[in-house]
Structure formats: structure tokens, C-alpha cells
Amino acid sequence: MRLATWNVNSVTARLPRLLDWLAAVEPDVVCLQETKTAEFPAKEVGALGYEVAAHGNGRWNGVAVLSRVGLTDVSSGYPGEPGFPDPEARALGATCDGVRVWSVYVPNGRTVDDPHYAYKLAWLAALTGALTPEVAAYERLAVCGDFNVAPTDRDVWDPKAFVGATHVTEPERAALAGLRDVGLVDVLPRPLKGDNPFTYWDYRAGMFHQDMGMRIDLVYATAPLAGAVTDAYIDREARKGKGPSDHAPIIVDF
DNA sequence: ATGCCTTATTTCATAAGA
């Protein structure tokens, strides 16, 4: 199976690129984040053979799972999911050919003194609680998406530039450790160029071209699934050219 | 080369992203 995850920063704005990318990469299952629409273009991706499960409310957030190998047991959100104040469209689970897949878009957090930061930590803690029985129930499970946390200092272009900022704080990294503690493994993708496994580069100031990025998109898989991985890479080609997302897709073969 | 913000909306300004 070829599994991919991509924060597309609006599936509407990215649709032509998404369709070209699907045809070129031919993933079996795709987790999307920041779809930013209540009306997912299911017909267009359906023409390429994909079933769609989408969870979106409009302008912000939005997640989806596409599959050409079956799509059952769809869960929008998870039990006990925190909100701001109401739950947002940030998590979607589905079973595809026996693999349990979650597409997640973790709250940004903004700044450490912002209420959104506490919301982010609460959301990650509740996600971990909701996934614990899923990890027990499904031998092959992957949580894919934009976690908005760089797991280590090697996952940001310059740790000094992030002192005091979100995405690198100890509590955020501890939240990721909590996910690993319930049995999930960080599937580290290889970069196609250079040594940095970044998945996100800000649109501004030529950050991509200087490789000033971050690894905040992650694939967390159960050990049996992680052990079956034959390749995992970051498709930086998708970050190039006219009208890209600010995130690159991660592609995992197993 | 890879090229210097982008998105949807309560649209000509704003909030959010990270």
C-alpha cells in the first residue's frame, strides 16, 4: 500500500495540483488537511478512482481521507475532542483495506500565552486518549497529518529562531512522546534533497529556496505497520512551481 | 534550480497560518 499525507492549504485552491499529483504518485490512501471547505470536490477525485470521506465546515481547518482500496468505518472527530469552544473539523478516521487511518490537523497554538496553546495541548492529550483503544484494536494503524509540532531541534531550520515560540516547546514535544508511549512509531521520511526532513516552508522571503523549513507533518504508525515500511519520503517536488501549498506531501510505502 | 505570502470570507480589509 502507498499511503500519503498532505496539508493542501485549501483543496479548492489546490485541486488542479492535487489531481495532477494523484495521477503521478498514485497513492492508495491519502490523508488531507486544511481542506478549508464544506463541499469537498468528491466528483473530481472520484474520477481518478478515489472514494472520499471528508470532515469540513468552511473557511478554516478541514480534513479528509481518500482511498482507492476501500473506505469504511468513517469517524468524524473523536470521543472527548476539545473545541474552541466547539469541536472543529480536525480529525477523521477510516479503515482502508484493513489499515486504520487517521487524518489529523492539530491546532496551531499561535503563541505560548494564547488560549489556543492550551487548546492545542488539550487536543493532543485527548487525541492520545481516543487513539489508545484504536491502537489496541487495529494492528495496522497510522495517524497522519499536520501535528504542528517539530519533534526535535533537528526538525527546524534554526532552533535559535524558535526560542519562546510554539511548535518546539517541551509540553508540545511531550505530547508527541505521549503518542509514542501508547505504541505509535514516528516514521521518519527521507528528504529528496539535502539532509533536512522538512515538510513545511513559509511562503514568505524565499524560505523554501533556502531550505528554511520545519518537520511538522508526521506519520505515526503502530509498530507492525512501521516495521513493514519499505520507503518513506517527502515529495518536495510538490512544493515547487506556481501555486503550491506551503506543505509538502509525505509518501509511505509498506 | 527552487524564486522571494496565501487563503476564504463577514471581499477592496481581515484573521489565520507557524
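Naming: A, B, ... by sequence-line order, numbering from 1 per chain.
- Taking the C1' atoms as reference points, B:dT7 lies 16 Å from B:dC12, given to the whole Å.
- One atom, CH2 of A:Trp201, and another, C1' of B:dG3, lie 15 Å apart when rounded to the nearest Å.
- Across all strands shown, A:Met207 has no heavy atoms under 4.0 Å from either base or sugar-phosphate atoms.
- Computed from coordinates, the A:Asp217 CG to B:dG17 C1' distance equals 13 Å when rounded to whole Å.
- Partners of A:Tyr78 according to the ring-ring contact (aromatic ring centres under 6.0 Å, His included) rule, which considers only residues two or more places apart in sequence or in another chain, are A:Trp123.
- Between A:Lys240 and A:Glu237, at least one side-chain N (NZ, or NE/NH1/NH2) sits under 4.0 Å from a carboxylate O, which counts as a salt bridge.
- For A:Phe84, the ring-ring contact (aromatic ring centres under 6.0 Å, His included) test picks out A:His116, A:Tyr119, with sequence neighbours left out.
- Within the nucleic acid shown, A:His116 has no heavy atom closer than 4.0 Å to any nucleic acid atom.
- Taking the C1' atoms as reference points, B:dA8 lies 24 Å from B:dC4, given to the whole Å.
- The residue among A:Phe208 and A:Arg110 whose nearest nucleotide of DNA chain B is located toward the 5' end is A:Phe208.
- The CZ-C1' distance, from A:Arg204 to B:dC4, rounds to 12 Å in whole Å.
- Across the P atoms, B:dA16 and B:dT10 are found 14 Å apart, a figure rounded to whole Å.
- Proximity of residues 233-242 of chain A to DNA chain B (heavy atom under 4.0 angstrom from any strand atom) is restricted to A:Lys240, A:Gly241.
- Phosphate proximity of B:dG17 to A:His167: absent, as no side-chain N or O sits under 4.0 Å from OP1 or OP2.
- Among residue pairs with one or both ends in residues 56-70 of chain A, those qualifying as side-chain hydrogen bond (donor to acceptor under 3.5 Å, both in side chains) are A:Asp28-A:Arg68, A:Asn61-A:Arg90; sequence neighbours excluded.
- In this entry the distance linking NE2 of A:His247 with P of B:dA16 reads 17 Å, nearest Å.
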Report, one pair per line, the protein and nucleotides 6-10 of chain B atoms (nitrogen or oxygen only) whose separation is under 3.5 Å.
residue: B:dT7; atom: OP1; partner: A:Arg14; partner atom: NH1; Å: 3.3
residue: B:dT7; atom: O3'; partner: A:Ser10; partner atom: OG; Å: 3.3
residue: B:dA8; atom: OP1; partner: A:Ser10; partner atom: OG; Å: 2.5
residue: B:dA8; atom: N3; partner: A:Arg59; partner atom: NE; Å: 3.2
residue: B:dA8; atom: N3; partner: A:Arg59; partner atom: NH2; Å: 2.8

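- Rounded to whole Å, the separation between the P atoms of B:dT6 and B:dA18 comes to 15 Å.
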Between side-chain atoms of residues 135-151 of chain A and protein atoms elsewhere (two or more places apart, or another chain), which donor-acceptor pairs fall under 3.5 Å?
residue: A:Asp146; atom: OD1; partner: A:Asn148; partner atom: N; Å: 3.0
residue: A:Asp146; atom: OD2; partner: A:Asn7; partner atom: ND2; Å: 3.0
residue: A:Asn148; atom: OD1; partner: A:His167; partner atom: NE2; Å: 3.1
residue: A:Asn148; atom: ND2; partner: A:Val106; partner atom: O; Å: 2.8

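- Every residue meeting the ring-ring contact (aromatic ring centres under 6.0 Å, His included) condition with A:Tyr200, not counting sequence neighbours, appears here in chain and number order: A:His247.
- Donor-acceptor pairing under 3.5 Å is recorded for the side chains of A:Lys36 and A:Asn9.
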I'd like a table of donor-acceptor pairs (distance under 3.5 Å, sequence neighbours excluded) in which one partner is a side-chain atom from residues 37-45 of chain A, with atom names and distances.
residue: A:Thr37; atom: OG1; partner: A:Glu39; partner atom: N; Å: 2.9
residue: A:Thr37; atom: OG1; partner: A:Glu39; partner atom: O; Å: 3.4

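- Residues from residues 144-156 of chain A that place a heavy atom under 4.0 Å from any atom of DNA chain B, listed by number: A:Asp146, A:Asn148.
- For the pair A:Asp114 CG and B:dA16 C1', the computed distance is 11 Å after rounding to whole Å.
- Distance A:Asn108 CG to B:dA18 P: 5 Å, rounded to the nearest Å.
- Side-chain N/O atoms of A:Tyr105 include one lying less than 4.0 angstrom from OP1 or OP2 on B:dA18.
- Where A:Asp246 and A:His209 meet DNA chain B, the nucleotide closest to each residue was compared, and A:His209 sits on the side nearer the 5' end.
- In this structure A:Asp253 satisfies the salt bridge (Lys or Arg N to Asp or Glu O under 4.0 Å) test together with A:Arg2, sequence neighbours excluded.
- Sorted by first and then second residue, the side-chain hydrogen bond (donor to acceptor under 3.5 Å, both in side chains) pairs with a member in residues 177-186 of chain A read A:Arg180-A:Tyr220, A:Asp186-A:Arg215; sequence neighbours excluded.
- Under 3.5 Å, the side chains of A:Tyr105 and A:Thr35 contain no donor-acceptor pair of N or O atoms.
- Note on A:Gln210: nothing from the nucleic acid sits closer than 4.0 angstrom, heavy atoms only.
- In this view, A:Glu134 and A:Arg100 satisfy the salt bridge (Lys or Arg N to Asp or Glu O under 4.0 Å) rule, not counting sequence neighbours.
- For the 3.5 Å distance criterion, the side chains of A:Thr166 and A:Glu172 fail to qualify, holding no donor opposite an acceptor.
- One interatomic measurement links the two molecules: CG of A:Asn7 to C1' of B:dG17, which rounds to 9 Å at whole-angstrom precision.
- The separation between A:Asp211 atom CG and B:dT2 atom C1' is 10 Å, rounded to whole Å.
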